Amino acid sequence: MEGWKIVEIEWEELEKWAKEARKMAYAPYSKLQVGAALLAGDGQVFVGTNVENASYGLTLCAERVALGSAISKGARTFRAIAITGGPLLITPCGACRQVLAEFGLGLRIRCFDENGQKRDFVLEDLLPAAFLGNFLDRSSF
Ligand code: THU
């Protein structure tokens with residue numbers, strides 16, 4: 001899938017915000033600090049970091065924190081998200097893929113690390129045959 005068109009200068013800006021956000025990560029258990037920067041349709045950027053918890057399963061991923069922040073400000077359209085695990089190039093977990101899919105499968109995703117490695121995706125390719133709101137259309141069950 002093609003997804004939204006993102007020019008390199010936009011990716012650079014998003015990478016900068018994701019790196020900055022990562023510095024605020026609360027990750028005392030895994031020690032994996034993650035930063036994410038989400039670009040809304042109107043050009044606003046919303047950041048997130050992972051927020052761990054002593055009850056491990058309650059941990060929030062950086063991507064979902066960024067999305068929650070954006071939604072809280074009224075944003076509903078998203079073009080791209082940049083994600084960094086610092087020394088680690090990580091890809092978004094399954095739960096984050098599902099939560100991001102709610103707002104469009106055309107979302108462009110850049111995963112990058114601090115050594116200059118990058119991998120670009122479109123959400124639809126990371127979550128094929130997604131379960132979306134249209135399945136809940138009452139006429140279909
Ligand atoms: N984590 C994220 O923040 N985003 C991902 O895409 C993968 C995992 C966090 C959750 C947890 O705090 C730590 O990384 C280890 O799983």
Side-chain angles (χ1 to χ4, degrees), residues 1-138 140-141:
M1 198 209 182
E2 208 163 276
W4 291 87
K5 186 85 200 134
I6 307 297
V7 294
E8 202 48 40
I9 192 160
E10 291 178 298
W11 280 128
E12 280 167 24
E13 188 72 12
L14 283 181
E15 287 185 28
K16 197 188 78 190
W17 281 111
K19 272 194 262 185
E20 208 50 40
R22 180 176 172 270
K23 294 180 186 164
M24 299 298 153
Y26 179 73
Y29 306 108
S30 76
K31 313 270 196 268
L32 172 55
Q33 298 174 311
V34 183
L38 181 64
L39 176 64
D42 67 357
Q44 285 192 85
V45 176
F46 298 93
V47 298
T49 65
N50 48 336
V51 184
E52 296 190 345
N53 192 275
S55 178
Y56 297 166
L58 299 182
T59 290
L60 304 173
C61 290
E63 297 90 323
R64 274 177 285 161
V65 170
L67 182 67
S69 169
I71 293 297
S72 306
K73 291 281 189 183
R76 293 291 186 271
T77 304
F78 304 104
R79 296 172 58 212
I81 188 167
I83 304 155
T84 185
L88 286 187
L89 190 148
I90 59 162
T91 55
C93 79
C96 288
R97 294 176 196 198
Q98 176 67 30
V99 173
L100 290 167
E102 181 76 16
F103 299 94
L105 289 168
L107 184 76
R108 298 279 311 270
I109 299 172
R110 170 163 288 183
C111 305
F112 70 100
D113 70 13
E114 63 193 22
N115 302 312
Q117 279 198 90
K118 297 181 206 299
R119 290 189 70 186
D120 290 346
F121 304 96
V122 178
L123 181 55
E124 188 175 48
D125 299 326
L126 295 186
L127 193 69
F131 177 83
L132 297 175
N134 56 307
F135 281 99
L136 299 175
D137 179 349
R138 287 208 156 264
S140 61
F141 54 83

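As the structure is a prediction and not an experimental result, all values here were calculated from the model. Atoms within each ligand, like the ligands themselves, are counted from 1 in listed order.
- Among protein heavy atoms, the minimum distance from atom 3 (O) of ligand 1 is reached at Ala62 N, 2.9 Å.
- A donor-acceptor distance shorter than 3.5 angstrom exists from the side chain of Asp113 to the backbone of Gly116, with no hydrogens or angles considered.
- Residue Val34 has no N or O atom closer than 3.5 Å to an N or O atom of ligand 1.
- Considering every non-hydrogen atom in both Glu63 and Cys93, the closest pair reads OE2-N, 4.5 Å.
- At distances below 3.5 Å, not a single donor-acceptor pair connects side-chain atoms of Glu124 with backbone N or O atoms of Ala130.
- Ligand 1 lies out of reach of Ala27, whose nearest heavy atom is not under 4.0 Å from it.
- From the protein, the heavy atom lying nearest to atom 16 (O) of ligand 1 is Leu32 CD2, 4.7 Å.
- Contact annotation: for Thr91 versus ligand 1, heavy atoms closer than 4.0 Å belong to the backbone alone.
- Looking only at distances, a side-chain donor or acceptor of Glu52 sits under 3.5 Å from a matching main-chain atom of Tyr29.
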Quiz: residues 74-83 side-chain donor-acceptor pairs under 3.5 angstrom, not counting sequence neighbours:
residue, atom, partner, partner atom, Å
Arg76, NH1, Ile71, O, 3.1
Arg79, NH1, Glu10, OE2, 2.9
Arg79, NH2, Lys5, O, 2.8
Arg79, NH2, Glu10, OE1, 3.3
Arg79, NH2, Glu10, OE2, 3.3

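- At most 12 non-hydrogen atoms from other residues, nucleotides or ligands lie less than 6.0 angstrom from OH of Tyr56.
- Atoms of ligand 1 found under 4.0 Å from any heavy atom of Ser30 (numbered from 1 in listed order, with element): 13 (C), 15 (C).
- Of the possible polar contacts, one joining the Arg108 side chain to the Trp4 backbone as a donor-acceptor pair under 3.5 Å is found.
- Looking at Cys61 against ligand 1, both its backbone and its side chain come within 4.0 Å, counting heavy atoms.
- Interface atoms of ligand 1 facing Thr59, defined by a heavy-atom separation under 4.0 Å, are 10 (C), 11 (C), 12 (O).
- Here is the list of ligand 1 atoms found below 4.0 Å of a heavy atom in Glu63: 2 (C), 3 (O), 4 (N), 5 (C), 6 (O).
- Close approach to Glu52 involves these atoms of ligand 1, each under 4.0 Å from a residue heavy atom: 11 (C), 12 (O), 13 (C).
- Those atoms of ligand 1 that come under 4.0 Å of a heavy atom in Cys93, given as number and element, are 6 (O).
- Protein non-hydrogen atoms do reach within 4.0 Å of atom 6 (O) of ligand 1.
- Contact of the Val122 side chain with the Glu2 side chain is not registered, since no non-hydrogen atoms from C-beta on lie closer than 4.5 Å.
- With hydrogens and angles disregarded, no donor-acceptor distance shorter than 3.5 Å links the side chain of Asn115 to the backbone of Gln117.
- Within the listing of ligand 1, atoms 6 (O) sit less than 4.0 angstrom from a heavy atom of Pro92.
- Polar contact check, Asn50 against ligand 1: a nitrogen or oxygen pair lies under 3.5 Å apart.
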